[in-house]
Amino acid sequence: MTLNKYQKANEFIRLSEDQKESIVANLLKEEITPARKPLFVFRPWMAGLTAAFAVLILYFGVFHRTGAPMPAPAMNETTYAPQESLAAGGDSASALSDEAPAAEPETFAAAEPANTKIKEEHPSEILTGGYRESASGTTADAASQTIRILSGQEAEAFDAQSYGEKRETVILDTEVSVYGNRAAVFSANGEPMAVICEKQMSEEEMDGLIRDVIRDLGN
Amino acid sequence: MAYNRCMALSVRELHVRRILNTYGDSLYRLAFSYLHNDADAQEIVQDTILQLLRYDPDFHGDGMKEKGWLMKTAANLSRNRLRSLNARDETELDETFAGSEEKDLKFVWNAVNQLPEKYREVIHLFYQEGYSTKEIADILGRKEGSVRSDLSRGRDALRTVLKEVYDFE
């Protein structure tokens with residue numbers, strides 16, 4: 001009702017013929033230069049496309065790289081114990097001293113097919129793994145470390161190399177067990193020291209793995 | 001050469017006349033709703049058609065698109081003018097509503113013109129020009145939701161103004 005009146009009121013607001021003529025005359029006098037059309041017009045979807053590219057570049061250029069294996073720490077491979085001694089089983093001390101390995105099948109699962117399978121598949125590959133200084137001590141976030149170890153004894157040698165003389169005596173007292181596709185290094189008193197596995201692991205996964213290893217050891 | 005120039009002028013004149021006859025009053029009312037001034041509103045109509053001649057957009061024969069473009073341009077030009085002039089009074093209104101019936105309707109115009117600009121423009125385009133809220137959003141470069149809420153608030157505000165000032169239900 002009121003707005004109908006508004007429409008009616010608007011009907012009285014219109015251009016007179018004189019006003020129209022005046023507008024026409026003015027426009028005909030005007031020198032009209034065609035406006036240049038812009039070469040590039042930024043559309044809203046272009047913002048989305050730019051953002052998507054930025055995300056992809058960030059993902060592949062920055063974040064994705066953090067998950068990539070880091071170069072292996074420098075180590076002298078010639079000091080590694082020969083793999084044959086591991087395959088035959090035995091404690092680390094005997095392995096490092098190149099003596100004939102004594103068979104201790106109850107603690108060393110090297111005779112299991114899983115171990116040999118790993119060795120066949122990854123003879124000397126670069127594997128990522130985790131390292132734990134001690135079961136009760138601080139945990140070194142070694143998930144990003146890349147270690148060139150496949151067997152338990154190689155792991156032992158790696159630790160000795162990487163962590164220097166201070167740990168060497170401890171390392172020499174370690175036992176190495178291979179469980180499926182992972183190897184675990186234990187100190188003489190049964191504390192897990194290092195777990196080497198095929199894939200990069202999170203802290204939680206590492207803990208779970210060590211628990212599994214301890215449980216298996218108990219069995 | 002002279003013949004070509006003569007032809008060009010007549011084509012332009014035809015074009016201008018067609019635009020004026022078809023959309024002139026709508027453009028004038030829209031400009032008037034912003035500026036409340038005959039001379040300014042007339043100038044806005046002229047400038048709007050001038051922009052059309054300059055940019056020469058292709059509407060593919062769609063009259064609604066053409067009208068939408070013209071209304072959008074007129075609204076933008078009016079708002080720019082309004083900002084530079086800083087809102088004039090309705091000096092021309094008495095002359096516009098010369099007759100007795102027209103004078104009776106003047107209070108509706110006055111009531112609408114008392115509303116804030118954002119309510120006024122949506123009310124004008126919705127009730128006078130018959131645009132949908134989506135089309136108004138396109139013309140004014142706003143979101144459809146905000147046009148809808150402004151329309152509703154504008155109606156409420158208009159009711160309040162009419163009740164308070166004119167004792168009109």
Side-chain angles (χ1 to χ4, degrees), chain A residues 1-68 202 204, chain B residues 9-10 12-13 15-17 19-21 24-33 38-39 41-43 45-57 92-93 96-99 101-112 123-124 126-130 155 158-159 162 166 168-169:
Chain A
M1 21 141 227
T2 307
L3 292 161
N4 284 345
K5 283 184 187 294
Y6 177 67
Q7 284 174 340
K8 251 187 171 177
N10 263 300
E11 283 170 17
F12 298 106
I13 299 168
R14 65 170 86 89
L15 284 168
S16 66
E17 286 307 312
D18 288 348
Q19 284 173 322
K20 282 183 185 172
E21 286 307 317
S22 154
I23 290 173
V24 172
N26 285 341
L27 285 171
L28 292 179
K29 269 190 279 174
E30 198 83 35
E31 192 69 37
I32 294 167
T33 47
R36 281 177 62 190
K37 298 210 166 115
L39 290 172
F40 177 77
V41 180
F42 194 80
R43 307 272 178 211
W45 60 264
M46 291 177 189
L49 197 67
T50 311
F53 271 116
V55 167
L56 279 177
I57 289 165
L58 275 175
Y59 179 71
F60 286 110
V62 181
F63 302 127
H64 200 63
R65 285 179 62 176
T66 56
S202 68
E204 289 79 12
Chain B
L9 278 178
S10 65
R12 191 204 286 182
E13 187 177 341
H15 190 37
V16 169
R17 282 190 188 282
I19 297 291
L20 260 181
N21 289 331
D25 288 343
S26 293
L27 296 173
Y28 180 71
R29 276 182 207 125
L30 181 66
F32 203 98
S33 76
D38 174 58
Q42 198 181 319
E43 213 167 301
V45 175
Q46 190 175 306
D47 288 351
T48 305
I49 299 174
L50 193 61
Q51 294 287 345
L52 182 79
L53 297 175
R54 267 194 195 136
Y55 285 93
D56 193 24
E92 305 284 336
L93 216 53
T96 309
F97 293 95
E101 191 196 354
E102 293 93 314
K103 274 185 179 160
D104 287 344
L105 293 166
K106 189 187 155 191
F107 79 96
V108 192
W109 243 95
N110 281 340
V112 172
I123 281 184
H124 181 85
F126 190 82
Y127 287 103
Q128 179 55 38
E129 300 299 334
R155 255 188 239 125
L158 188 62
R159 204 169 293 134
L162 287 168
Y166 302 101
F168 183 90
E169 274 296 342

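Throughout, a chain's letter reflects where its sequence line sits, starting with A, and its residues are numbered from 1.
- Note: B/V16 leads B/V16, B/D56, B/L27 in heavy-atom pairs under 4.5 Å with chain A.
- Listed by chain and residue number, nothing satisfies the side-chain hydrogen bond (donor to acceptor under 3.5 Å, both in side chains) test with A/T50 (two or more places apart in sequence, or in another chain).
- In plain terms, the two heavy atoms of A/K20 and B/L20 that are nearest each other are O-CD1, 3.5 Å.
- In this structure, B/L53 CG and A/E30 CD are separated by 9.5 Å, a value rounded to the nearest 0.5 Å.
- What you find for A/L27 and B/Q46 is that their closest heavy atoms are CD2-O, 3.6 Å.
- Between the side chain of B/D25 and the backbone N or O of A/L15, at least one donor-acceptor pair lies under 3.5 Å.
- Residue B/Q42 holds its CD atom at 7.0 Å from OG of A/S16, rounded to the nearest 0.5 Å.
- Other residues, nucleotides and ligands place more than 12 heavy atoms under 6.0 Å from the CZ atom of A/F42.
- With sequence neighbours excluded, the residues that form a side-chain contact (heavy atoms from CB on, under 4.5 Å) with A/E21 are B/R17.
- Results of the side-chain contact (heavy atoms from CB on, under 4.5 Å) test with A/I23 over B/V45, B/L50, B/D47 single out B/V45 as the only residue that passes.
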